[in-house]
Structures are given as structure tokens and as C-alpha cells.
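Inspection log for the structure reproduced underneath, given as C-alpha cells.
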Amino acid sequence: MKSKVFFIPVNNSDGSAVIREKLERLLKKSRLLSFVKEKDKVVIKMHFGEEGNTGYIRPEYSRVAADLIKKMKASSAYIDANTLYQGRRNNSKDHLKLAYEHGFTLKTSGAKVLIPDDKVIRNVSEVEINQKYIKIAKVLKVFLQYDSLLGLAHFKGHIMTGFGGALKNIGMGCASREGKLAQHSNISPFIKEKQCIACGRCIKVCPAQAITLKNRKAIIDPSKCIGCSSCIAACKQCAIEVDWESGGNVIQEKMIEYAKAILDSKKKKCGFVNFAIKITKECDCLAKDDPRIAPDVGLFVSRDPVSVDKACFDLVLKAAGRDIFKEAHPSRNGLKQLKYAQEIGIGNLDYELIVV
């Protein structure tokens, strides 16, 4: 049976008030939030955008969902995990401050923001999934503790997965930094010697005592490294890196397995909204104002994350007149993530598009 995807067009000229009205109409017509029950705690999975980025979903848009949830006598919170790479989103204090700077205050966005520190053991859960690559998924516990989940995702390109939408928002976005490292790479971090100043910060934070100094340079012992990525966040010189390309062939499938760890815990208590507007070459993790690579297409909602991503993919390529994602990232095939998600039972590639 085909999954239902509800869609409302958005034009480049549409202002924020028009987009808010269209989103509210779409959510009501689709009854997407019907899974929310009175007194439910709803996690709204968000990406607050890196400093300097403008592609992230605006708080005035996310508020539409938060207000509807409140009217249903339920509560919600915007939640995201910290990043693996250097930037203002790699620790909870700076990440939260940046979210506020981007407008995600209670007054503006209608819900509180939570960014748990995954360095604190009690904030991380290990979920046994026994999939092809991932046996134990390491995710933020809070995503499992809430009654239901609403994913709000900006649909755009991505250097490692071709494109990112609902599935990436959950699979990569709900993982702890150790989980992110497991998805991105098959090897331990390494030291870029020219940038290392032997400050010893990485040595102090390493819980496995895997880092030592030799000839005034840090060295990581792969046999001891547990992949927690604490050293990456601690290094102020950006001297610790991961060979991201080493996992390029399997990252999409690992990401999907992580998505399964979260979605299986929610059963039929999930909904997904994709914003196919300001479609950019790269994700919102980049600290820059990436230009559009396609015209605005619209807003998509579904209870099926595979179908909503596939519908976005199809209509964006149709609007652009070519495969802009393959053009931007020739070595990536974004459809791999969707096919694998269907294979392991997350959702369907076949969908029925309902225009609102």
C-alpha cells in the first residue's frame, strides 16, 4: 500500500506569513498530528543551524507545530544533539546559546529548547538493533523518553549522503557524538601534526588514555581509542580529524540503521515535515550562507519518513529540471538511503501525493 504524502507548494516570493499560513493549513488538512494524545510529551527534532548559516527552519515556522500541539493539551520541546565537528554546536552550552540567537526562545518559537550533554553518561542510551553495520546504536536518551516525535527537516544537499531530509534528521541528528563517529568513519581520529601545539587538552579529556605526546605532538593509539570523539571537541587548534571518506560507501546505510533505533521506539507515534525551500548544496551544519541550487518547491508532510523524502526528491528534481544533488555530489547516490530504509522496514518508496 502506498504511503500518503501531503504537499503544499511554496514560491520563492512567498513571505514568512504566507509560509506559516500554508504550514498550518497543511498540518490541519493532513491531520499529521493525530498521533499526539492529551498530556503527551512531544519531541520536536530540530536543527538550529550553524553560526552564519541561513538555511535552517525558522522558529516562526516551527512555532506553528508547537502551538498546535499545545492546543491538543500536550507539551513539546525542541531537541537536538551536539555535533562531532568543531563549531558552536559541538557542546551544549554554546549550542543552546546559538539556538537562542537564531530565535528559538520560548517567546518566539513557542517551546523550550533542550540540548543534552552526551559527555554525561546518563544522557546516552545504547539501543540493541543488530543490523548489518550497527549492532548497538548510541543515541541521546531523551529521544526515547518522550511519548512521540515530530521531525522538522530542511531538505537540501549533503556532502556525504547526497541529500538530507527526514531520515537524516533522525538517523544522524539523534545520535550521540560517538554514534555520529560510528556512522561517519570506520577508523579512529588522527592527529594533523602541523596544527598540533602539544597543549595536552586531548590527553586530559580522553577517557581511554589512548592519547600520548611524542616529539611534542599528540599521538592516538587506535587499539585503545573507543571512538567517543571527546578529543575532537577539546582541540582548539582543529588538529584532530577523522577520515570521513573512509566511511563514504556505507554511511547512508549506517545512518538509516540509527534512524531505525529511534523510530522503532515510537512505533506509530511519529510525524515528519520536510521544508523544500531555500534548497542548498550543503547541509545547515556549514557556517555560511549557501545559495539556492533549485527553486523553492514546497512543504511536505507524512507519517512515513521514506515516502516524504522520496516525494521531496522527485519534486525538487522536477522543479530543477535535472538531478541537482548528483550534480553537486557526483560520488553520492542519495537514493541509497531510501532503498535501504525500505529494505529494513522503516517505510515505503511508493507514495500517493495529495496536494493541499
Sort out for me which residue in Lys339, Lys132, Lys260 forms a salt bridge (charged side-chain N to carboxylate O under 4.0 Å, His left out) with Glu253.
-> Lys132
When you measure from the centre of the six-membered ring of Phe35, is the NZ or CZ of Lys269 under 6.0 Å away and within 45° of the axis?
-> no
Charged tip of Arg58 within 45° of Tyr56 ring normal and under 6.0 Å | yes
Partners of His329 by ring-ring contact (aromatic ring centres under 6.0 Å, His included), sequence neighbours excluded?
-> none
So, for Thr280 and His154, which heavy atoms are closest and what is the spacing to 0.1 Å?
-> OG1-CE1, 4.0 Å
Nearest heavy-atom pair of Asp40 and Ser148: which atoms, and what distance?
-> OD2-OG, 3.8 Å
Please check if the side chain of Arg303 supplies one atom and the backbone of Cys270 the other of a donor-acceptor pair under 3.5 Å.
-> yes
Heavy atoms from other residues, nucleotides or ligands near CZ of Arg31 exceed 12 (cutoff 6.0 Å) | no
Near Lys93 NZ, under 6.0 Å, is it more than 12 heavy atoms from other residues, nucleotides or ligands?
-> no
Set of salt bridge (Lys or Arg N to Asp or Glu O under 4.0 Å) partners for Glu193, sequence neighbours left out = none
With sequence neighbours excluded, tell me which residues meet salt bridge (Lys or Arg N to Asp or Glu O under 4.0 Å) with Lys22.
-> Asp14
Ion pair Lys37/Asp147, N-O distance below 4.0 Å | no
Sidechain-backbone polar pair: Gln337 side chain, Ile256 backbone, donor-acceptor under 3.5 Å = no
Strictly by modelled atom types, are Ser176 and Asp118 linked by a side-chain donor-acceptor pair under 3.5 Å?
-> no
Around Lys119, counting heavy atoms of other residues, nucleotides and ligands shown, do more than 12 lie under 6.0 Å from its NZ?
-> yes
Applying side-chain contact (heavy atoms from CB on, under 4.5 Å) between Leu152 and each of Asn274, Leu23, Ile44, report the one that passes.
-> Ile44
Would you check if Phe104 and Ser62 make a side-chain contact, meaning some heavy-atom pair closer than 4.5 Å?
-> yes
Can you find a pair of side-chain heavy atoms, one from Leu353 and one from Leu315, that are under 4.5 Å apart?
-> yes
Polar side-chain atom of Asp296 near backbone of Lys278 as donor-acceptor pair, under 3.5 Å = yes
Non-neighbouring partners of Arg122 that pass salt bridge (Lys or Arg N to Asp or Glu O under 4.0 Å), sequence neighbours left out = none
Are the charged groups of Lys45 and Asp80 less than 4.0 angstrom apart, N to O?
-> yes
Min side-chain heavy-atom separation Lys112-Tyr78 under 4.5 Å | no
Heavy-atom closest pair (Ser3 atom, Asp304 atom, distance to 0.1 Å) is OG-OD2, 2.6 Å
Just wondering, do Ile220 and Ile191 contact through their side chains at under 4.5 Å, heavy atoms?
-> yes
Ignoring hydrogens and angles, tell me if any N or O in the side chain of Gln342 forms a donor-acceptor pair with the backbone of Val306 under 3.5 Å.
-> no
Heavy-atom donor-acceptor pair, Asn12 side chain to Pro295 backbone, under 3.5 Å | no
Apply side-chain contact (heavy atoms from CB on, under 4.5 Å) to Phe325 and Leu335, showing your working.
-> CA-CA 10 Å; Phe325 300 120; Leu335 291 178; over 6 Å; no
Can you list, pair by pair, the side-chain donor-acceptor contacts under 3.5 Å of residues 198-210, counting residues two or more places apart and other chains?
from, atom 1, to, atom 2, distance (Å)
Arg201, NE, Ala234, O, 2.9

Any side-chain heavy atom of Lys236 within less than 4.5 Å of one from Ile197?
-> no
Under 3.5 Å, side chain of Arg63 to main-chain N/O of Lys107, donor-acceptor pair present?
-> yes
Residues Lys71 and Asp67 bridged, charged N to O under 4.0 Å = no
Donor-acceptor contact present, side-chain Tyr258 to main-chain Lys138, <3.5 Å = yes
Residues which pass salt bridge (Lys or Arg N to Asp or Glu O under 4.0 Å) with Glu24, listed by chain and number, not counting sequence neighbours = Lys28
When you check the side-chain N and O atoms of Tyr340 and Glu257, is any donor under 3.5 Å from an acceptor?
-> yes
Looking only at atom types and distance, does a side-chain atom of Lys135 sit under 3.5 Å from a main-chain N or O of Gln131, one as donor and one as acceptor?
-> yes
Is it true that Arg88 and Glu101 have a side-chain N and a carboxylate O under 4.0 angstrom from each other?
-> yes
Is any side-chain heavy atom of Ile219 less than 4.5 Å from a side-chain heavy atom of Lys217?
-> no
Non-hydrogen side-chain atoms of Lys310 and Tyr351 separated by less than 4.5 Å | yes
Closest contact, heavy atoms only, Tyr146 versus Ala77 = OH-CB, 3.7 Å
Within the side chain of Thr54, is there an N or O that forms a donor-acceptor pair under 3.5 Å with the backbone of Asp289?
-> no
Smallest separation among heavy atoms of Ser30 and Val301, with atom names = OG-CG2, 3.5 Å
Does any N or O in the side chain of Asp350 come within less than 3.5 Å of the main-chain N or O of Lys2, such that one atom is a donor and the other an acceptor?
-> no
Does NZ in Lys326 sit with more than 12 non-hydrogen atoms of other residues, nucleotides or ligands closer than 6.0 Å?
-> yes
Any luck finding a side-chain donor-acceptor pair between Asn53 and Asp290 under 3.5 Å?
-> no
Step by step, would you call Asp284 with His47 a side-chain hydrogen bond (donor to acceptor under 3.5 Å, both in side chains)?
-> CA-CA 8 Å; Asp284 301 335; His47 187 307; 4.8 Å; no
What closest approach, in Å, do Cys312 and Phe300 show between heavy atoms, and which atom pair accounts for it?
-> SG-CD1, 3.3 Å
Below 4.5 Å, heavy atoms only, C-beta onward: do Asp309 and Phe272 meet side chain to side chain?
-> no
